[in-house]
Participant: 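Below are the structure tokens for one structure; questions will follow.
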Number of protein chains: 2
Amino acid sequence: MTVSVRDVAAAASVSVGTVSNVLNHPDRVAPATVERVLSAIERLGFVRNDAARQLRAGRSRSIGLVVLDVRNPFFTDVARGAEDRAAEEGLIVLLGDSGANGTREAAYLDLFEEQRVHGLLITPLGEDLARLERLRRGGTPVVLVDRQAPPGGFSSVAVDDVAGGFLAVRHLLDRGRRRIAFVGGPLGIRQVSDRLEGARRAVAEVPGAAIEVFPTGGLTVPEGRTAGEALQARTPVERPDAVFAANDLLAMGLLQALILGGELRVPEDMALVGYDDIDFAATAIVPFSSIRQPAALIGRTAVDLLVREASEPRQVVFRPELVERASTQA
Amino acid sequence: MTVSVRDVAAAASVSVGTVSNVLNHPDRVAPATVERVLSAIERLGFVRNDAARQLRAGRSRSIGLVVLDVRNPFFTDVARGAEDRAAEEGLIVLLGDSGANGTREAAYLDLFEEQRVHGLLITPLGEDLARLERLRRGGTPVVLVDRQAPPGGFSSVAVDDVAGGFLAVRHLLDRGRRRIAFVGGPLGIRQVSDRLEGARRAVAEVPGAAIEVFPTGGLTVPEGRTAGEALQARTPVERPDAVFAANDLLAMGLLQALILGGELRVPEDMALVGYDDIDFAATAIVPFSSIRQPAALIGRTAVDLLVREASEPRQVVFRPELVERASTQA
DNA sequence: ACTACGATTTGAAACGTTTCAATCCTCTTC
DNA sequence: GAAGAGGATTGAAACGTTTCAAATCGTAGT
């Protein structure tokens, strides 16, 4: 049925070894022979079988990337950065979406392990890194994405989420707000708890400031909307005067509930800061302030570390920065 | 180095054939033996080598999906739908991003062909389907996504883009607008030219209405911004009073240029309709009207057709619908 | 006790590639 | 004209799995 290297060899009157050499080491083959083999390949419509190639090589040329949510523009930007860098190395990226779900995460890890991926990029869900540790020991380089690893262990590329949370809430306090709401969850996700930690520190520095946590079940627009309705329902005296959302999707949902659904004004009644600075933040119904992370660069760097992993694990940490917009104007 | 089926066989004192049967046809093996093999697998940390598996099987369990732009939420929604349906069939989706670039599209096709994917889902770039036709004849089912195929050829799942364009512009005309701008491009992309075609038909039905095309180099936010600046620069008398953007990312860019960058009001000075109805349209600085397409359902259906492709190619066409928002209020 | 039959298990072949030691040529060089 | 160098080519082994015909075992029926 399908054309194999053997058929090509026969058609070009050479051995299979030569055909393989034409494909992989053209310099070792006489130009005239290369020509002849290439034309046979063309004529027969031969297409390399990657499975056989990998089987022989012992390792594939793809790297697995497991993210928390593909629908979050932050992660697609990371993916894009990773793909670009991977392409430079002749590698391709397989994108898996764990949906912040432990079972799906495990399923993708199984899959990538069976595929003998060249390496693994992952935004791990919980604190249990045993599985990843096993993989790493088995010879598959692993890079933690958007999650700082303790030195000496995994390579990692992350943004200082505690600093980011601090930055966000400090900004709200600077604007004179004192009753801060933190919207985000589940707290089991490291990014969320770190951002909250930073927020608390900022609040601790200012006498009279307080923070209240509005936990959510996930980092999505609908969850944000639900939280917004809860805020909305409060009487003016017991209502926070500012919100820090753990990511921009939540912030979007909050805006929907506060402005479209309710009658609150942003920033007058409630200031808002988000996290990630996705493209859509600048064009939101009230363009909102956000903590920017260099998404594409994170992806790019992750692949970088992966390629060098052979030598030695390294931890890279980027600094987040505040982008001010209308949602926190005086 | 790595544990193979042979090692497991030795450890469990059975033949390799039996190990394979435990993995693939447990019912053919005596319960006690299954137990013994499973425990050996556990003990040795055996992981199936997918390359060898595929080599033997002749075909992989993954299906390739090539989209025009992963950063467009419409396509990630399609991907999500496809993944869900694929998971039900025990298949996994490999996501490729052509970036509306012929070279990258070809590269992904090469890759997927070498991987002997189970099937291919693609939003093809141009009109040249010869390559896909060859693939199909070679036994790899192909489903065209978001692009209608002529009956008898490929399976396809699409939305009637001409109808969508018609719907959008008809709505603008109903609102009393007469000078319509169409923002989109390149026109080589079928979706774009179809939507324009529908727009023209709507205009043709109303005496005194005119349409002007503002071509863009792509369907992205920055391209929309550029087009917006061009609109912005017009004097009031020669400026259109409504815009139909070929997709929502363009619409976002237009909003940025018109409102944030300029001094035009939406919808008073310029009404706006987008296409795709991505989640962010409802929360834009001016929530804008858009033509909704059932993205996740499209993905889901595409996999559905793929699985059935063996039997007979089918063409599915969904109807787009208008969602009205503030950008086209009276 | 003998046969037949079904349930288990076995072991070698096959999938299509790459690698590598061995072989074959063709020129140089002395 | 012989020896040697070195480029080009060959062909078999190996990668790890699944399949399938054949072998083995145990048991029920007569």
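Numbered from 1 within each chain, the chains take letters A, B, ... in sequence-line order. All figures in this text were calculated on a predicted structure; none of them were measured in a lab.
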Participant: OP1, OP2 of D/dT10 versus side-chain N and O of A/T18: anything below 4.0 Å?
Facilitator: yes
Participant: Using atom CG of A/N24 as one end and atom P of D/dT9 as the other, report the distance to the nearest whole Å.
Facilitator: 16 Å
Participant: On DNA chain D, nearest-nucleotide positions of A/D27 versus A/V16: which is more 5'?
Facilitator: A/D27
Participant: Checking the side chain of B/Q148 only, and the main-chain atoms of B/Q315 only, is there a donor and an acceptor separated by less than 3.5 Å?
Facilitator: no
Participant: For A/V5, which contact category applies under a 4.0 Å heavy-atom criterion: base, sugar-phosphate, or nothing?
Facilitator: base
Participant: Starting from the 5' end of DNA chain C, give me the residue, B/A30 or B/R116, whose nearest nucleotide shows up first.
Facilitator: B/A30
Participant: Inspect the contact between A/D110 and A/R131 and indicate whether a charged nitrogen and a carboxylate oxygen are less than 4.0 angstrom apart.
Facilitator: yes
Participant: Before accepting this row, confirm whether a basic side-chain N of the pair A/D97/A/R104 lies closer than 4.0 Å to the acidic partner's carboxylate O.
Facilitator: no
Participant: Regarding A/S20, tell me which of base, sugar-phosphate or nothing describes its non-hydrogen contacts under 4.0 Å with the strands shown.
Facilitator: base
Participant: Below 4.0 angstrom, N of the basic side chain to O of the carboxylate: do B/R61 and B/D50 qualify?
Facilitator: yes
Participant: Report the residue (B/N21 or A/A57) whose heavy-atom-nearest nucleotide on DNA chain C is the more 5′ of the two.
Facilitator: B/N21
Participant: Within the 4.0 Å heavy-atom criterion, would you say A/G58 contacts the bases, only the backbone, or no part of the nucleic acid?
Facilitator: nothing
Participant: Just to be sure I understand the geometry, which residues of residues 36-56 of chain A put a non-hydrogen atom under 4.0 Å away from DNA chain D?
Facilitator: A/L55, A/R56
Participant: Strictly distance-based, threshold 3.5 Å: is any side-chain N or O of A/S156 a donor or acceptor partner for the main-chain N or O of A/A149?
Facilitator: yes
Participant: Check this for me, if you would: do B/E88 and B/R300 make a salt bridge, where the nitrogen-to-carboxylate-oxygen distance has to be below 4.0 angstrom?
Facilitator: yes
Participant: Looking at A/D84 and A/R80, is there a salt bridge between them, counting it only when a charged N and a carboxylate O are closer than 4.0 Å?
Facilitator: no
Participant: Between which nucleotides of DNA chain C, 5' to 3', does chain A make heavy-atom contacts below 4.0 Å?
Facilitator: C/dG16 to C/dT19
Participant: Give a yes or no answer on whether the side chain of A/R85 reaches the backbone of A/L297 with a donor-acceptor pair at less than 3.5 Å.
Facilitator: no
Participant: Quick one about B/D276 and B/Q293 (side-chain donor to acceptor, distance below 3.5 Å, no hydrogens or angles considered), yes or no?
Facilitator: yes
